[in-house]
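Data block below; observations after.
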Amino acid sequence: MDELDRVRVHFRNASRPYLNQPWSWLAWALILPAAAMASSSVLADGGPIGLLILWSLAVITGGVIEATQILRNRHEAPSTTLSAWVLRAQGNLSLVALVVSIALLWQGVGWMLPGLWLLLLGHSLYSLGGLAFAPLRSCGLLYQLGGLLAIWPHQMEMRVFAVTTFVANMWVAWSIWRERSESR
């Protein structure tokens with residue numbers, strides 16, 4: 001076993017509570033596209049505050065589902081130093097994305113936000129997630145491709161975001177489901 005294989009084994013073990021069930025991936029596949037497709041009408045009716053509330057509720061709902069899955073599965077694979085490090089790295093990436101998002105809004109190019117988030121999430125899923133579970137590498141590439149399409153000015157950024165998050169998250173959910181079925 002070479003060094004990369006050993007790293008993948010460690011990442012796979014660290015991510016076991018997160019990749020044991022497909023439910024959080026299914027939830028994100030539904031929540032993110034729904035929020036994206038509702039964004040324009042919420043912005044028209046509720047303004048920026050309404051949009052902020054919509055996305056806050058979407059992220060909190062998905063986060064609760066994800067955290068519940070992780071907590072339920074932690075008895076099968078307790079937290080490791082590596083998993084704590086990855087979560088801190090993800091938190092740092094989210095902070096960077098938030099700062100860049102504010103800068104884009106400040107500059108009046110908020111339409112680039114869906115592309116920015118797809119690119120950043122895609123990078124993380126590809127580089128870190130791909131070490132734990134090969135389908136996450138494909139998911140990351142899909143996110144990055146969607147991000148590139150979404151930063152192209154064409155008035156379809158949220159549709160691109162919706163389709164990308166649906167397809168990529170469904171791919172991971174299906175891959176987890178398939179792997180669980182094959183291992184039984």
Side-chain angles (χ1 to χ4, degrees), residues 7-39 54-80 82-91 93-94 97 113-150 156-184:
V7 167
R8 285 185 174 138
V9 166
H10 287 297
F11 268 83
R12 179 65 179 184
N13 290 337
S15 67
R16 191 168 292 136
Y18 185 63
L19 295 171
N20 194 30
Q21 298 285 333
W23 310 123
S24 67
W25 295 95
L26 287 170
W28 286 119
L30 299 174
I31 291 168
L32 293 174
M37 297 312 292
S39 289
L54 168 70
W55 280 97
S56 296
L57 290 173
V59 170
I60 289 168
T61 302
V64 166
I65 293 168
E66 189 173 296
T68 300
Q69 177 179 319
I70 291 170
L71 292 173
R72 280 188 184 155
N73 293 316
R74 72 177 173 192
H75 67 279
E76 292 179 23
S79 182
T80 66
L82 181 59
S83 62
W85 175 82
V86 169
L87 287 175
R88 280 193 308 274
Q90 298 293 51
L93 182 64
S94 295
L113 289 176
L116 166 74
W117 282 87
L118 287 171
L119 287 168
L120 289 173
L121 288 168
H123 169 71
S124 179
L125 289 166
Y126 179 83
S127 60
L128 292 176
L131 289 170
F133 188 51
L136 286 175
R137 189 172 296 113
S138 303
C139 177
L141 287 174
L142 287 170
Y143 264 68
Q144 289 178 359
L145 178 61
L148 289 173
L149 291 173
M156 294 182 18
E157 299 81 20
M158 291 308 253
R159 288 186 203 123
V160 169
F161 183 91
V163 169
T164 301
T165 55
F166 178 78
V167 170
N169 286 298
M170 288 299 285
W171 166 250
V172 175
W174 181 78
S175 297
I176 292 169
W177 188 267
R178 185 184 67 211
E179 183 177 271
R180 286 179 50 84
S181 296
E182 289 172 359
S183 66
R184 288 182 188 167

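Numbering starts at 1 and runs along the sequence shown. From a predicted model like this one, the values you see are computed outputs, not experimental measurements.
For the atom pair CG (L118) and CG (L113), the distance works out to 11.0 Å, reported to the nearest 0.5 Å. Rounding to the nearest 0.5 angstrom, the gap separating the CD atom in Q144 from the CG atom in L120 is 9.5 Å. Between I70 atom CD1 and I65 atom CD1 the span is 12.5 Å, to the nearest 0.5 Å. Here OG of S127 is found 10.5 Å from CG of L136. Values are rounded to the nearest 0.5 Å.
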Less than 3.5 Å apart, which donor and acceptor atoms pair up between the side chains of residues 159-173 and the rest of the protein, not counting sequence neighbours?
residue: T164; atom: OG1; partner: V160; partner atom: O; Å: 2.7
residue: T165; atom: OG1; partner: F161; partner atom: O; Å: 2.9
residue: T165; atom: OG1; partner: A162; partner atom: O; Å: 3.2
residue: N169; atom: ND2; partner: Y143; partner atom: OH; Å: 2.8
residue: N169; atom: ND2; partner: T165; partner atom: O; Å: 2.8
residue: W171; atom: NE1; partner: P135; partner atom: O; Å: 3.3

Are Y126 and L131 close enough, and set up right, to give a side-chain contact (heavy atoms from CB on, under 4.5 Å), and what steps lead you there? CA-CA 8 Å; Y126 179 83; L131 289 170; over 6 Å; no

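Nearest heavy atom pair, residue C139 against residue L125, reads SG-CD1, 3.7 Å. Looking at every heavy atom in both residues, M158 comes nearest to S39 through CE-OG, 3.2 Å. The two residues F133 and I176 have their closest heavy-atom pair at CE2-CG1, 3.7 Å. Of all non-hydrogen atoms in S94 and W117, the two that sit nearest each other are O-CH2, 4.2 Å.
When the shell of 6.0 Å around CH2 of W177 is examined, it contains 12 or fewer heavy atoms from other residues, nucleotides or ligands.
Judged purely by atom type and a 3.5 angstrom limit, R180 uses its side chain to pair as donor or acceptor with the backbone of N20.
Legend: side-chain hydrogen bond (donor to acceptor under 3.5 Å, both in side chains) pairs involving residues 22-37, not counting sequence neighbours, sorted by first then second residue: Q21-W23, S24-Q69, W28-E66.
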